[in-house]
Amino acid sequence: MSQCFCQMPSGICFNEVPKAKSKPQRGTRPDAGPEPDFPVAIDKAVGAGGANVAKDVVQIQRGLNHVLPELAGADPFLNDDGIVGPMTLGAIKKFQERNFGWFDSRVDPNNKTIALINHYLATQPVPNAPHSRQDRVARALLLLRTCGQTIFSAETQLRAVLPHVDAGTTPSGVFGKIFEERMALLDRHFKLNEFLQKAPVIRTLITRYTDMRSVIQASVPANPDPEFLFSEFMGDEPFVLDAHGSDANAYTFMGGWRQRGQLHPPSGRRLDRIYLCESLDRTSDQNYEQVVVHELAHFVSLLVPPITDLGYGWINDPRMTRLSATQRVCNAQNYTTYAIECRYGQRNNRLGL
């Protein structure tokens, strides 16, 4: 089973799927009656030609009741009686026709219709919400692009030194000074000088950072549609806004980038996702950046050897300085501190952890 790496506001990662702080408030229709389980899930098809198991029908009826009318939710409300009659069939048909331009009056497990119901329940306006979904999407879009530039800075510096390390040479003149500074930075974060074979280590780092940048590119299209961007229930983008009210900054699963479409059995969460939680919205841009890069390191890790959590804080923190060279190449926080110093220059403390 893949490990979950859940980074809390303290900066410490725990190996468990985060629990919700409290039952999240769904929908804005207080007169709609009982809420469905969230996310809405069914075992058998509901609607025309479906098995129409009563407990599944109830979930669809309650889900459509709590979707806003302007998003084609049930209007009038459906009786959550578990029986598929003309009203329930009509509500499914209306929802599909207005949202997709087609209808079959049927909701299948894990299909587009139930995904959009969940998307709306998670993203439609909530009274007194501290951050609207539009605000969260806009900030995530901006800062993920910033993270991509930071990761690219690390990748660029690694690619620049690799040919000389391979050849055992040092450039002359001003390029020699730059080369020495870049090698010193690598040694500061990864104790590169302790490795007998340095080039394979650099290649490993390049691969991990290249994968990290690919994850961001897969989540941030050139012309994004903000309405559905970062939705946990629509699309297959790796980064999503957590819709479970999780008491964490972010969480993901070890090697999830290579486990497309697979689920974490106890929680039902997808392994190929990095979940950005609401607590992250209350942090600084600097902290947001380091959380994303840190979780990306876990996400693109091979399962053997894993990139895990062996030390926290900035690179001069005692929890970090005690790590051996081998440990540093397998520690998510070292990937974070190195990338940030490649872009912004060396500093003694950036994270405040």
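Computed from a prediction, not measured in an experiment: that's the story for all the values here. These numbers come from the heavy atoms of this one structure, side chains and all, not from hydrogens, waters or symmetry mates.
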Electrostatic pair [X]:[Y] at N-O distance under 4.0 angstrom:
X	Y	answer
Asp211	Arg258	yes
Lys44	Asp108	no
Lys55	Asp43	yes
Asp272	Arg260	no
Asp242	Arg273	no
Asp104	Arg106	no

Checklist outcome for this item: dist Arg343:CZ -> Gln157:CD (nearest 0.5 Å) comes out at 12.5 Å
Checklist entry - With Val17, which of Ser267, Cys6, Pro266, Ser246 fulfils side chain to side chain contact (heavy atoms under 4.5 Å, CB included)? => result Ser267
Checklist entry - Which of these passes side chain to side chain contact (heavy atoms under 4.5 Å, CB included) with Asp81: Leu78, Ile83, Val84? => result Ile83
Next on the checklist: If you take the centroid of each ring, where Trp contributes its six-membered ring, are Tyr338 and His189 closer together than 6.0 Å?
Outcome noted: yes
Checklist entry - Can you check whether Tyr275 and Tyr251 have ring centres sitting under 6.0 Å from each other? => result yes
Checklist entry - So, Glu237 side chain and Val220 main chain: donor-acceptor pair closer than 3.5 Å or not? => result no
Checklist entry - Where the side chain of His298 meets the backbone of Ile307, is there a donor-acceptor pair that is under 3.5 Å apart? => result yes
Item to check | Cluster link Val137 to Leu121, ILVMFWY, side chain under 4.5 Å | outcome: no
Could you verify whether a donor N or O on one side chain and an acceptor N or O on the other, from [X] and [Y], lie under 3.5 Å apart?
X	Y	result
Thr170	Glu180	no
Gln96	Ser105	no
Tyr120	Asn99	yes

Checklist entry - Counting only heavy atoms not in Asp225, do more than 12 fall under 6.0 Å of its CG? => result yes
Next on the checklist: Can you tell me which residue among Asn334, Asp309, Asn331, Thr337 is in a side-chain hydrogen bond (donor to acceptor under 3.5 Å, both in side chains) with His294?
Outcome noted: Asp309
